[in-house]
Engineer: 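Dropping a structure here in C-alpha cells format, bear with me for questions.
Computed from a predicted model, the values in this text were never measured in an experiment.
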Amino acid sequence: MDKNIDKNSTDNFSTGNEGIEVKAVNISRFVPCDRGFSRKKKKILDNLSLTINSGDFVAVLGGSGAGKTTFMNCINGFKEPTEGYVLFNGMDLYKNYQKLRLLIGYIPQESIVHDSLNLKDMLTFTGKLRLSGKEAKQNLDKLVEEVITKLDLTEQTYTLIKNLSGGQKKRASIAVELLSNPQIIFLDEPTSGLDPEAESTLLKHLQMLSHKDKKTVIVVTHTLQNINLFDKVIFLAQGGRLCFYGTPDEACKFFRVDSLSEAYSKISDDSDKYVEEFSKMYNGG
C-alpha cells in the first residue's frame with residue numbers, strides 16, 4: 001500500500017466511473033471450533049492477500065470448504081476479517097462502511113425479488129424504497145426503463161416475476177441492485193440451476209457491466225463453461241488458502257492443464273504444493 005495514503009481517511013477517496021479497486025491485506029477469518037469443550041478456533045480463511053483492479057470481472061473458484069463465500073463476505077462488508085484489512089480505493093472498508101456500503105451491490109443465491117409483481121412494478125416499488133433524494137425519485141421511471149433495457153428484459157417488462165425463467169429472474173435481481181448504481185457488484189453462485197444457454201447469457205451481461213459500465217464484478221461460481229469471459233480467476237484451496245490468482249490462460253499454465261476443470265483434482269491431491277508455488281511466484285520468491 002502507498003505509504004502516503006491514510007486508509008482510515010475519506011479525504012482522498014474517489015470512484016469516478018471506473019469501479020472500485022479491492023485490496024485484501026493478510027486477511028484471515030476464524031470461527032469457533034464446535035468439537036467438544038474445545039475453545040480453539042478454526043481458520044477458514046488463511047492470510048490471504050491480493051488486489052482486484054477496478055473494473056475487472058473476477059471469478060472466485062475452489063472446491064467445497066475452500067472458503068469462497070467467506071472470502072466474498074470479508075471483502076464485501078458482511079463479515080469483518082479476524083485478522084488483516086480490506087481497502088476500497090485505499091480506504092478501509094470496515095472503518096468506513098457506512099459511506100462505502102452505498103457503492104456495493106450484492107446478489108445472493110436466493111431470489112430477492114417480489115414474485116407477485118410484474119418486472120416494472122417490482123423495480124419501481126424497490127426504487128421508491130431504496131433511492132433517496134427528490135431528483136432520483138422523479139427520474140425513477142427513466143431509471144427503471146434503463147436497467148430493464150441494459151439487462152435485455154424489455155420483452156418481460158410486464159411479466160410477473162414468478163413467470164420469468166430462472167435466468168430472467170437472476171437478471172431481475174441484478175436490475176434491483178443497478179437501481180442504486182453500485183460501483184462494485186458481488187454475486188454468489190448466480191448461475192446455479194441455470195441451463196447452459198441461460199448461464200452464458202447471464203455471464204455475458206455481467207461482463208458487459210464490468211467492461212462497458214466500468215463496474216468491478218466479483219462472482220463466486222463452480223461452473224467453468226464460460227470461464228474465459230472473466231478477466232481474472234481466484235483459486236482457493238481447502239481452508240481458505242490462495243493457490244492462484246490471474247487470467248484463465250495463466251491458470252492453465254500454472255496448473256499445467258488444458259482445462260481448468262482438471263485444476264480441481266490437482267489442488268485436491270496436493271494443495272500445499274500449489275499454495276507454496278503461487279506464494280513464491282506472487283511475492284517474487
Engineer: Hey, mind stepping through Asp231 and Ser210 against side-chain contact (heavy atoms from CB on, under 4.5 Å) and telling me if it holds?
Structural biologist: CA-CA 10 Å; Asp231 300 310; Ser210 170; 4.0 Å; yes
Engineer: Is there a side-chain contact between Phe88 and Gln183 (heavy atoms, below 4.5 Å)?
Structural biologist: no
Engineer: Using only heavy-atom distances, determine whether the side chains of Glu199 and Thr223 contain a donor-acceptor pair under 3.5 Å.
Structural biologist: yes
Engineer: Are the side chain of Asn118 and the backbone N or O of Asp121 linked by a donor-acceptor pair below 3.5 Å?
Structural biologist: yes
Engineer: Roughly how far, to the nearest 0.5 Å, is OG of Ser271 from CZ of Arg241?
Structural biologist: 4.0 Å
Engineer: So Lys204 and Glu197, salt bridge (charged side-chain N to carboxylate O under 4.0 Å, His left out) or not? Walk me through it.
Structural biologist: CA-CA 11 Å; Lys204 286 176 181 176; Glu197 182 179 359; over 6 Å; no
Engineer: Do other residues, nucleotides or ligands put more than 12 heavy atoms under 6.0 Å from Glu276 CD?
Structural biologist: no
Engineer: Give me the atom names and distance for the closest heavy-atom approach of Ile161 to Lys169.
Structural biologist: O-CE, 3.1 Å
Engineer: Can you find a pair of side-chain heavy atoms, one from Ser116 and one from Leu160, that are under 4.5 Å apart?
Structural biologist: no
Engineer: Working note: Asn89 + Lys23, criterion side chain to side chain donor-acceptor pair (under 3.5 Å); need CA distance, chi angles, decisive distance, verdict.
Structural biologist: CA-CA 8 Å; Asn89 286 6; Lys23 182 173 287 188; over 6 Å; no
Engineer: Could you tell me whether the side chain of Val58 reaches within less than 4.5 Å of the side chain of Val233, counting heavy atoms only?
Structural biologist: no
Engineer: Does Gly55 offer a backbone N or O that forms a donor-acceptor pair with the side chain of Thr216 under 3.5 Å?
Structural biologist: yes
Engineer: Hey, can you pull the donor-acceptor pairs under 3.5 Å for the side chains in residues 142-159, sequence neighbours left out?
Structural biologist:
residue, atom, partner, partner atom, Å
Thr149, OG1, Glu145, O, 2.9
Lys150, NZ, Asp213, OD2, 2.9
Thr157, OG1, Thr154, O, 2.6

Engineer: Relative to each other, are the rings of His211 and Phe57 parallel, tilted or perpendicular (30° and 60° limits)?
Structural biologist: perpendicular
Engineer: Report the C-alpha distance between Glu177 and Arg130 in whole Å, list the side-chain angles of each, state the deciding distance to 0.1 Å, and finish with yes or no for side-chain contact (heavy atoms from CB on, under 4.5 Å).
Structural biologist: CA-CA 10 Å; Glu177 294 302 307; Arg130 288 194 174 198; 3.0 Å; yes
Engineer: If hydrophobic clusters are built by linking Ile, Leu, Val, Met, Phe, Trp and Tyr wherever their side-chain heavy atoms come under 4.5 Å apart, do Leu178 and Leu203 end up in the same one?
Structural biologist: yes
Engineer: Atom CG in Leu179, atom CG in Leu129: separation rounded to 0.5 Å?
Structural biologist: 11.0 Å
Engineer: Taking the side chain from Arg29 and the backbone from Cys74, do they hold a donor-acceptor pair closer than 3.5 Å?
Structural biologist: no
Engineer: Test side chain to side chain donor-acceptor pair (under 3.5 Å) on Ser200 and Gln225; report intermediate values, then the result.
Structural biologist: CA-CA 8 Å; Ser200 179; Gln225 178 182 336; 5.8 Å; no
Engineer: Quick check for you: to the nearest 0.5 Å, what is the distance between Ser192 atom OG and Leu187 atom CG?
Structural biologist: 12.5 Å
Engineer: For Asn96 and Asp92, indicate whether the former's side chain and the latter's backbone hold a donor-acceptor pair under 3.5 Å.
Structural biologist: yes
Engineer: If you define the side chain from C-beta out and look only at heavy atoms, does anything of Thr82 sit under 4.5 Å from Val31?
Structural biologist: no
Engineer: For the residue pair Lys215 and Asn181, what are the closest heavy atoms and their distance?
Structural biologist: NZ-OD1, 2.7 Å
Engineer: Is it the case that atom NZ in Lys266 sees more than 12 heavy atoms from other parts of the structure closer than 6.0 Å?
Structural biologist: yes
Engineer: Check whether the ring centres of Tyr106 and Phe186 lie less than 6.0 Å apart, and answer yes or no.
Structural biologist: no
Engineer: Donor-acceptor pair, distance only, cut-off 3.5 Å: does the side chain of Lys68 make one with the backbone of Gly63?
Structural biologist: yes
Engineer: If you group Ile, Leu, Val, Met, Phe, Trp and Tyr by side-chain heavy-atom gaps below 4.5 Å, do Phe125 and Leu140 land in one group?
Structural biologist: yes
Engineer: Side-chain donor-acceptor pair under 3.5 Å between Arg101 and Gln98, yes or no?
Structural biologist: yes
Engineer: Looking at Leu50, Ile52, Ile218, Asp56, which one forms a side-chain contact (heavy atoms from CB on, under 4.5 Å) with Lys232?
Structural biologist: Asp56
Engineer: Calculate, to the nearest 0.5 Å, the distance between atoms CZ and CG belonging to Phe78 and Asp188 respectively.
Structural biologist: 10.0 Å
Engineer: Are the side chains of Leu61 and Ile227 in contact, using a 4.5 Å heavy-atom criterion?
Structural biologist: yes
Engineer: Kindly say whether Glu250 contributes a backbone atom to a donor-acceptor pair with the side chain of Thr247 at under 3.5 angstrom?
Structural biologist: yes
Engineer: Got Pro81 and Leu45 here, is their nearest side-chain heavy-atom distance under 4.5 Å?
Structural biologist: no
Engineer: Indicate if Leu236 and Val257 have the same hydrophobic cluster label, given that clusters are the connected sets of ILVMFWY residues with side-chain heavy-atom separations under 4.5 angstrom.
Structural biologist: yes
Engineer: So, the side chain of Gln109 versus the backbone of Glu189: is there a donor-acceptor pair under 3.5 Å, distance only?
Structural biologist: no
Engineer: What about Val25 and Val275, same hydrophobic cluster or not, with Ile/Leu/Val/Met/Phe/Trp/Tyr joined at side-chain heavy-atom distances under 4.5 Å?
Structural biologist: no
Engineer: Once rounded to the nearest 0.5 Å, what's the spacing between atom CD1 of Ile44 and atom OG of Ser28?
Structural biologist: 10.5 Å
Engineer: Let's go through Val22 and Leu87 carefully: what are the C-alpha distance in whole Å and the side-chain angles of both, what is the deciding distance for side-chain contact (heavy atoms from CB on, under 4.5 Å) to 0.1 Å, and is it a yes or a no?
Structural biologist: CA-CA 6 Å; Val22 181; Leu87 304 178; over 6 Å; no
Engineer: Just checking, any donor-acceptor pair under 3.5 angstrom between side chains of Asn26 and Ser49?
Structural biologist: yes
Engineer: Could you tell me whether the side chain of Thr191 and the main chain of Leu194 form a donor-acceptor pair under 3.5 Å?
Structural biologist: no
Engineer: Which value, rounded to the nearest 0.5 Å, describes the distance between Leu206 atom CG and Ile174 atom CD1?
Structural biologist: 4.5 Å
Engineer: Out of the candidates Ile75, Asp46, Thr70, only one should pair with Ile27 under the side-chain contact (heavy atoms from CB on, under 4.5 Å) rule; please name it.
Structural biologist: Ile75
Engineer: Same cluster for Met91 and Tyr94 if Ile/Leu/Val/Met/Phe/Trp/Tyr side chains link at under 4.5 Å?
Structural biologist: yes
Engineer: Check whether any side-chain heavy atom of Phe71 lies under 4.5 Å from a side-chain heavy atom of Ile234, and answer yes or no.
Structural biologist: yes
Engineer: Any side-chain heavy atom of Ile107 sitting closer than 4.5 Å to one from Lys170?
Structural biologist: no
Engineer: List the steps, then state whether side-chain contact (heavy atoms from CB on, under 4.5 Å) holds for Ile267 with Cys243.
Structural biologist: CA-CA 8 Å; Ile267 294 169; Cys243 61; 3.7 Å; yes
Engineer: State which residue, out of Phe235, Tyr264, Tyr245, Phe255, fulfils the ring-ring contact (aromatic ring centres under 6.0 Å, His included) condition with Tyr274.
Structural biologist: Phe255
Engineer: Could you check whether Glu83 and Asn47, counting side-chain N and O atoms only, form a donor-acceptor pair closer than 3.5 Å?
Structural biologist: no
